[in-house]
Amino acid sequence: MRASAGLLAAGLLALLLAGPVLPAEPASAAGEAPGRISVIGRASREVAPDFATVEVAVESRGATPAAALDQNSAAARKVAELAGEFGIKGPDLATAAVSLRPLAKTVRDPGGEMRDVPDGYQATNAVSLRVRDLTRLGALMRRMIDGGADRIGGVSFGLADPGQAENAVRADAVRDARRQAETLAEAAGTRLGRIESLVSPPREGAAVPMHARSFAAKAAPGGVAVPIEPGTLTVEAVVEATYQAAP
């Protein structure tokens with residue numbers, strides 16, 4: 001009995017020394033994670049192109065493969081010389097396609113039956129020209145036709161330094177994301193905090209305002225230039241941003 005009483009007294013003394021027991025602090029009073037606001041910023045700009053790419057082709061016929069190809073090669077050299085008169089050379093002048101194929105024509109036999117018979121060969125040489133002075137594009141096209149080109153087509157416009165325009169539009173998209181986040185934070189009665197993440201997805205591509213179909217024409221030398229309107233290119237950017245929000 002004496003041993004049991006001693007243990008009981010020791011336990012009571014320990015409780016008195018430990019002091020009162022306080023309830024645990026609620027989880028919400030601790031440092032809880034801040035809220036977040038996620039937005040998608042968008043921006044676009046209309047930019048004037050600074051170069052055009054046009055494909056010019058010459059076609060030649062001959063009784064033999066060699067005759068067709070030789071005649072076509074001479075015509076293709078003439079096209080290259082004309083391009084040089086407009087300052088188009090080096091990397092701005094490139095062969096796009098060379099082809100040689102047999103031709104056939106349909107004839108009627110004495111018995112009235114229709115059949116195809118050989119009719120020589122056709123050679124084609126197409127070159128791609130990059131025109132940096134857009135004010136001369138129409139005159140270049142007309143000069144090519146006057147100089148022997150049989151087909152012109154595939155006209156498209158672009159930017160020599162697209163990265164510069166894209167970076168400027170991305171910055172606009174980031175500012176748009178910030179404006180959206182600030183509007184949402186104000187409406188929710190919170191303060192916009194620091195940015196947590198910012199992602200710029202790959203650009204989908206700029207819209208090209210014109211891609212001309214192929215056409216063929218012959219005209220007397222000294223005719224009017226082909227009317228060409230470059231228009232503008234639409235450069236777009238999208239960013240995904242997440243900000244912290246605090247009460």
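Being a predicted model, the structure only gives us computed values, none of them experimental. Position 1 is the first residue of the sequence, and the numbers go up from there.
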Verify, without hydrogens or angle tests, whether [X] (side chain) and [Y] (backbone) share a donor-acceptor contact under 3.5 angstrom.
X	Y	value
Asp133	Thr135	yes
Asn72	Val58	yes
Gln180	Ile40	yes

Does a salt bridge link [X] with [Y], judged by any charged N lying under 4.0 Å from a carboxylate O?
X	Y	answer
Lys105	Asp116	no
Glu196	Arg36	yes
Arg42	Glu236	no

Next on the checklist: Tell me every residue that passes side chain to side chain donor-acceptor pair (under 3.5 Å) with Arg175, counting only those two or more places apart in sequence or in another chain.
Outcome noted: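 Per chain and number, Arg175 pairs via side chain to side chain donor-acceptor pair (under 3.5 Å) with Asp172.
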Next on the checklist: For Arg179, give me all partners under side chain to side chain donor-acceptor pair (under 3.5 Å), at least two apart in sequence or on another chain.
Outcome noted: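 For Arg179 there are no side chain to side chain donor-acceptor pair (under 3.5 Å) partners, ignoring immediate neighbours.
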Non-hydrogen atoms of [X] and [Y] that approach each other most closely:
X	Y	result
Leu93	Ala80	CD2-CB, 4.0 Å
Ala165	Val47	CB-CG2, 4.4 Å
Arg61	Ala68	C-CB, 4.1 Å
Arg45	Ala168	NH1-CB, 3.6 Å
Thr124	Ala57	CG2-CB, 4.4 Å
Pro49	Phe157	CB-CB, 3.7 Å

Which value, rounded to the nearest 0.5 Å, describes the distance between [X] atom [atom1] and [Y] atom [atom2]?
X	Y	atom1	atom2	value
Leu233	Ser44	CG	OG	12.5 Å
Asp150	Ser60	CG	OG	7.0 Å
Gln122	Ser99	CD	OG	7.0 Å
Arg132	Phe51	CZ	CZ	7.5 Å

For the residue pair [X] and [Y], establish whether any side-chain heavy-atom pair is separated by less than 4.5 Å.
X	Y	answer
Glu59	Arg151	yes
Thr242	Leu198	no
Glu55	Val127	no
Thr106	Arg115	no
Val155	Thr53	no
Met114	Val107	no
Ile195	Arg178	no
Ile88	Leu140	yes

Next on the checklist: Please evaluate residues Tyr121 and Leu100 with respect to the criterion side-chain contact (heavy atoms from CB on, under 4.5 Å), reporting the C-alpha separation (whole Å), side-chain torsions for both, the decisive distance (0.1 Å), and the verdict.
Outcome noted: CA-CA 7 Å; Tyr121 296 83; Leu100 176 66; 4.2 Å; yes
When clusters are formed by joining ILVMFWY residues with side-chain heavy atoms under 4.5 Å apart, either directly or through shared neighbours, do [X] and [Y] land in the same one?
X	Y	answer
Val169	Val39	no
Val238	Tyr243	no
Leu192	Val239	yes
Leu82	Leu134	yes

Item to check | Atom CD of Glu85: over 12 foreign heavy atoms under 6.0 Å | outcome: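 Counting other residues, nucleotides and ligands, CD of Glu85 exceeds 12 neighbours.
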Next on the checklist: Apply side-chain contact (heavy atoms from CB on, under 4.5 Å) to residues Met141 and Leu137 and explain how you reach the verdict.
Outcome noted: CA-CA 6 Å; Met141 289 184 175; Leu137 179 57; 4.2 Å; yes
Next on the checklist: I'd like to know whether Leu159 forms a side-chain contact (heavy atoms from CB on, under 4.5 Å) with Val235, so could you lay out the CA-CA distance, the side-chain angles of the two residues, the decisive distance to 0.1 Å, and finally the verdict.
Outcome noted: CA-CA 10 Å; Leu159 299 171; Val235 181; 4.2 Å; yes
Item to check | Trace of the side-chain contact (heavy atoms from CB on, under 4.5 Å) decision for Asp92 with Leu129 | outcome: CA-CA 6 Å; Asp92 291 339; Leu129 311 176; over 6 Å; no
Next on the checklist: Is a donor from one side chain sitting under 3.5 angstrom from an acceptor on the other, for Glu46 and Thr234?
Outcome noted: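 Yes - a donor-acceptor pair under 3.5 Å links their side chains.
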